[in-house]
Amino acid sequence: MRSGSAYSPLRVVLVASLALAGCAAGIPRTAAQRAADEDVAARVDRALLGDPDIYARHIDVDVTRGVVRLSGFVWTSDDLYEAQRVAANVPGVTKVVDQLELMVGGRAGAR
């Protein structure tokens, strides 16, 4: 391969790095969008904590443009599915991304 090739390793790494940096930065949210996301996050959090069928104290909620990201951990698979269901039913939620860990015997386990 010639060093001037359009697919030189350095060029591929540079293009990939720039693409990842562009994705990470994302489109900035307006103050109104941030406020709306904070409102949705608060409502999801209240819904999770208020649901008698789930122990949600270890679930963190983050919202960006209506997409809810659930992280943290739960103790049962029922809690995991209930958290997804509860979050999805909150008005303003467009999607739920599950990053929850299922704790089995005090340690993170496979689903």
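The analysis underlying the following values was restricted to heavy atoms, covering all of them including side chains, and did not include hydrogens, waters or symmetry mates.
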What is the distance from atom [atom1] of [X] to atom [atom2] of [Y], rounded to the nearest 0.5 Å?
{"X": "Thr76", "Y": "Tyr81", "atom1": "OG1", "atom2": "OH", "result": "10.5 Å"}
{"X": "Trp75", "Y": "Met103", "atom1": "CH2", "atom2": "CE", "result": "5.0 Å"}
{"X": "Asp98", "Y": "Ile59", "atom1": "CG", "atom2": "CD1", "result": "9.0 Å"}

Less than 4.5 Å apart, any side-chain heavy atom of Leu49 and any of Arg57?
-> yes
Would a 4.5 Å heavy-atom cut-off, applied to side chains only, mark Asp60 and Leu70 as touching?
->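 They are not in contact (no side-chain heavy atoms under 4.5 Å apart), so the answer is no.
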Among Ile, Leu, Val, Met, Phe, Trp and Tyr joined by side-chain contacts under 4.5 Å, find the other residues sharing a cluster with Val97 and list them by chain and number.
-> Val67
In residues 34-43, what donor-acceptor pairs under 3.5 Å come from side-chain atoms, sequence neighbours left out?
{"unit_1": "Arg34", "atom_1": "NH1", "unit_2": "Arg29", "atom_2": "O", "d": "2.6"}
{"unit_1": "Asp37", "atom_1": "OD1", "unit_2": "Arg65", "atom_2": "N", "d": "3.1"}
{"unit_1": "Asp37", "atom_1": "OD1", "unit_2": "Gly66", "atom_2": "N", "d": "3.2"}
{"unit_1": "Asp37", "atom_1": "OD2", "unit_2": "Arg29", "atom_2": "NH1", "d": "2.7"}
{"unit_1": "Asp37", "atom_1": "OD2", "unit_2": "Arg65", "atom_2": "N", "d": "2.7"}
{"unit_1": "Asp39", "atom_1": "OD2", "unit_2": "Arg43", "atom_2": "NE", "d": "3.1"}
{"unit_1": "Asp39", "atom_1": "OD2", "unit_2": "Arg43", "atom_2": "NH2", "d": "3.1"}
{"unit_1": "Arg43", "atom_1": "NH1", "unit_2": "Pro91", "atom_2": "O", "d": "2.7"}
{"unit_1": "Arg43", "atom_1": "NH2", "unit_2": "Pro91", "atom_2": "O", "d": "3.3"}

Classify the ring geometry between Tyr55 and His58 as parallel (under 30°), tilted (30 to 60°) or perpendicular (over 60°).
-> tilted
At their closest point, which heavy atom of Val93 faces which heavy atom of Ala87, and how far apart are they?
->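 Between these two residues, the closest heavy atoms are CG2-O, 3.3 Å.
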Shortest non-hydrogen contact from Val61 toward Asp45 |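 So the two residues come closest at CG2-OD1, 4.2 Å.
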Can you tell me which residue pairs pass the salt bridge (charged side-chain N to carboxylate O under 4.0 Å, His left out) test with a partner in residues 69-97, sequence neighbours excluded?
->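 Of all non-adjacent pairs touching residues 69-97, those that pass salt bridge (charged side-chain N to carboxylate O under 4.0 Å, His left out) are Asp51-Arg85, Glu82-Arg85.
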